[in-house]
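Reading through the structure tokens given below for one structure.
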Amino acid sequence: MALKPSIPKGTRDFSPAEVLKRDYIFGTIKEVFKLYGFQPLETPAMENLSTLLGKYGTEGDKLLFRILNSGDFLEGVSESELQNPDHSVLSSKICEKGLRYDLTVPFARYVVQHRNEITFPFKRYQIQPVWRADKPQKGRYREFYQCDADIIGSDSLLNEYELIRIIDDVFSKLNIPVAVRLNNRKILMGIVEAAGVSGRFSEIAVAIDKLDKVGMQAVEEELVGKGIPRSAVESLKNILEVEGSNAGRMEKLKQFLVNSETGKKGIEEMETMFRLINSDPPSSEIVFDLTLARGLDYYTGTIIEVKATGVNIGSICGGGRYDNLTGIFGLEGVSGVGISFGADRIYDVLTLKEGFSSLGTSASKVLIVNFGDTELQYALRILKILHSHGISAQIYPDAIKIGKQFAYANSLNIPYVVVAGEDEIKGSEVTVKNMAEGSQTRISIEKLGDFLTMQT
RNA sequence: GUGGAUGUAGCUUAGUUGGUCAGAGCGCCAGAUUGUGGCUCUGGAGGUCGCCGGUUCGAAUCCGGUCUUCCACCCCA
């Protein structure tokens, strides 16, 4: 019985047209990364599970794809381990590797492993797929590309500022209007501290992160439901509901955080960043958003999130500062900050906004009609001339009906067709047809290269 | 991981008291047009109605399971 071919759920094939569009996104991002002095890096698809586990919270651990050991994976597993209802013990024994969940943790691992070869501060970019065993939904895949830029080994807020400029540059080039939201973990910790519930930081962070989505009442209910004291919830509510300009809200916060050293440090950092930003305002909207709490467990300072305005597709870029990430791998005192562009979601946004429409997706610029053996020498000569001019060209491989060859050019969006049959060969000429206009020009073979170079 | 929908030709889909129900449009292929594509016309090929099992004389249609895709939650790019 013939099986219907399929691919694992949450994964996708990319057709030629799709790859071309995706490369346009990668190319744009890469160009900006290079402009700011970032160097390329690639790491393996799989990492040792021990470097991945525990970096993304307990939820994240569940979403890791684990790779079953090759060979007899049950070798050395005892009967009691097989019977143990806590499968995590068994799992860690039969799976030693996992697929990378993001690019930041492998990067941190790389930095620690190669610390003696690296000149700090180290600025690298990395564009590779990552895998998450999430339940797929629209805009959420199990295999997707991240485009990361990180600076490691520098505390300066200039790095944060630079990343914001990169975000602004990339989305300007892609012609996607975005809103950049900024917050700082230190401010959030300060608020939680001032409310007297610092022990419950991550739960509270997750809850207030949903504020713009579910509203204040639902957040209050969630917090109270989790056993946070009413008085603390009220206190949090008051500060979260403050409105006004970026600067105005920071002023109010200062008063609230007067007794929290961490909180004051956070505000100070945020003010420095806005001073830098306002000295040369970017085209994107930059908002200080106290309710932005998301980010992986390892973020400790600035948090950045970018959403495209006018489309409901979730966050298309995110990042932040992490002070302790390399500490887990044994290298203390190195601070990093980075951002990650979600290429697949950017692709979806561009599709919705028809941002690809100006992008040519043709396989080549010229198709040379194949008339048969007699004319083949001449056709090959034309091909060589075009290639030497750097023009992408191909000969139709079979000498089938001319009409079919034109239809081929048409369906592949090839803009020019070169016809060279008996008549043209006699006069050392060719006929060039412009497919979009339908017009034809007959010129000598010597002029062909220059003629087509000038056509766009 | 929890809850809810969905699944008919390559694509979009019509099709309920279960009995000519396997249809349409687009696309594809061929011809009209043997040195010229897009438009038009004519003809043609393509479907175990997601998969497995059950109920029934009989199921695309009812039931159970399973997979897929989509939506909400969780979390996140």
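In what follows, every chain begins at residue 1, and chains take the letters A, B, ... in the order their sequences are listed.
Within the nucleic acid shown, A407(A) comes within 4.0 Å of sugar-phosphate atoms alone, with no base atom in reach, counting heavy atoms only. Nucleic acid contact for K210(A): sugar-phosphate only, since backbone atoms but no base atoms lie under 4.0 Å from a heavy atom of the residue. Note on G421(A): a base of the nucleic acid sits closer than 4.0 angstrom, heavy atoms only. S315(A) comes within contact range of the sugar-phosphate backbone alone, with a heavy-atom separation under 4.0 Å but no base atom that close. Note on V206(A): only backbone sugar-phosphate atoms sit closer than 4.0 angstrom, heavy atoms only; bases stay farther off.
Here the P atom of nucleotide rC75(B) and the CG atom of D102(A) are 18 Å apart, to the nearest Å. Here the P atom of nucleotide rC76(B) and the CG atom of L103(A) are 17 Å apart, to the nearest Å. Rounding to whole angstrom units, CD1 of residue I402(A) and C1' of rG35(B) are separated by 5 Å. Atom-to-atom, CD1 of I400(A) to C1' of rC29(B) comes out at 13 Å; the value is rounded to the nearest Å. Note: OH (Y141(A)) to P (rU68(B)) measures 17 Å, nearest angstrom. Atom CD of E422(A) is separated from atom P of rU34(B) by 18 Å (rounded to the nearest Å). The nearest whole Å value for the distance from the OH atom in Y408(A) to the C1' atom in rG38(B) is 17 Å. Rounded to an integer number of Å, the gap from F406(A) CZ to rU34(B) P is 15 Å.
Residues G10(A) and F144(A) each lie close to RNA chain B; by heavy-atom proximity, the contact nearer the 5' end of the strand is made by G10(A).
Using Watson-Crick or G-U wobble geometry with both donor-acceptor distances under 3.5 Å, rC57(B) finds its partner in rG19(B). The partner of rG27(B) is absent, by the rule that a Watson-Crick or G-U pair needs both atom distances under 3.5 Å. The partner of rC73(B), taking Watson-Crick or G-U wobble pairs whose two distances both stay under 3.5 Å, is rG1(B). Pairing for rG35(B) is absent, judged as Watson-Crick or G-U wobble with the two contacts each under 3.5 Å.
Ion pair R124(A)/D150(A) flagged as a salt bridge, since at least one NZ, NE, NH1 or NH2 atom sits closer than 4.0 Å to an Asp/Glu carboxylate oxygen. We find that E220(A) and R230(A) are joined by a salt bridge, their nearest charged nitrogen and carboxylate oxygen being less than 4.0 Å apart. Under a 4.0 Å N-O distance rule, the pair R12(A)/E143(A) does not qualify as a salt bridge. Between R100(A) and E47(A), none of the side-chain N atoms (NZ, or NE/NH1/NH2) sits under 4.0 Å from a carboxylate O, so this pair counts as no salt bridge.
For RNA chain B, the residues of residues 434-444 of chain A within the heavy-atom distance limit of 4.0 Å (strictly under) are M435(A), A436(A), G438(A), Q440(A), sorted by number.
When the nucleotides rC70(B), rU2(B), rG35(B) are ranked by their closest atom to the side chain of K135(A), rU2(B) comes out on top. Of the candidate nucleotides rC70(B), rU36(B), rG37(B), rU36(B) has the atom lying nearest to any side-chain atom of T431(A). When distances run from any side-chain atom of R140(A) to the nucleotides rG37(B), rC75(B), rC70(B), the shortest one goes to rC75(B). Picking from rA32(B), rG35(B), rC74(B) the nucleotide with the shortest atom distance to the side chain of K401(A) gives rA32(B). Proximity note for D423(A) (side chain, C-beta onward) versus rG37(B), rC74(B), rG35(B): the nearest is rG35(B). Of all nucleotides listed (rA77(B), rG35(B), rC73(B)), rC73(B) comes nearest to the side chain of Q137(A).
In this model, the phosphate group of rA30(B) is approached by a side-chain N or O of K404(A) to a distance below 4.0 Å at OP1 or OP2. An OP1 or OP2 oxygen of rU68(B) is reached within less than 4.0 angstrom by a side-chain nitrogen or oxygen of K9(A).
Annotation: rC73(B) and rU16(B) have their C1' atoms spaced 34 Å apart (nearest Å). Using atom P as the reference point in both rG19(B) and rA5(B), the two lie 25 Å apart (nearest Å). Comparing the C1' positions of rA14(B) and rC71(B) gives a spacing of 25 Å, expressed to the nearest Å. Straight-line distance between the C1' atoms of rA60(B) and rG15(B): roughly 9 Å, to the nearest whole Å. Comparing the P positions of rG44(B) and rG25(B) gives an interatomic distance of 13 Å, to the nearest angstrom. Distance noted for atom P between rU48(B) and rG35(B): 40 Å (whole Å). Remark: the separation of the P atoms in rU13(B) and rC52(B) is 24 Å, to the nearest Å. Comparing the same atom, P, in rG18(B) and in rC75(B) gives a spacing of 45 Å after rounding to whole Å.
You'll find the ring centres of F341(A) and F171(A) inside the 6.0 Å limit. Checked against the 6.0 Å centroid threshold, F33(A) and Y125(A) count as a close aromatic pair. Note: F26(A) and Y145(A) meet the aromatic proximity criterion, with ring centroids under 6.0 Å apart.
For the residue pair T431(A)/Q440(A), the side-chain donor-acceptor check at 3.5 Å is not satisfied. Judged purely by distance below 3.5 Å, without hydrogens or angles, the side chains of T28(A) and E31(A) never pair a donor atom with an acceptor atom.
The aromatic rings of F122(A) and F107(A) are tilted relative to each other, their planes meeting at an angle between 30° and 60°.
Residue side chain E424(A) reaches the base of rG35(B) through a donor-acceptor N/O pair under 3.5 Å, judged by distance alone.
For rG46(B), the glycosidic angle deviates from 0 by 90° or less, giving a syn base.
For F341(A) and rA77(B), the ring-to-base geometry does not satisfy the stacking test (centroid distance below 5.5 Å, interplanar angle below 30°).
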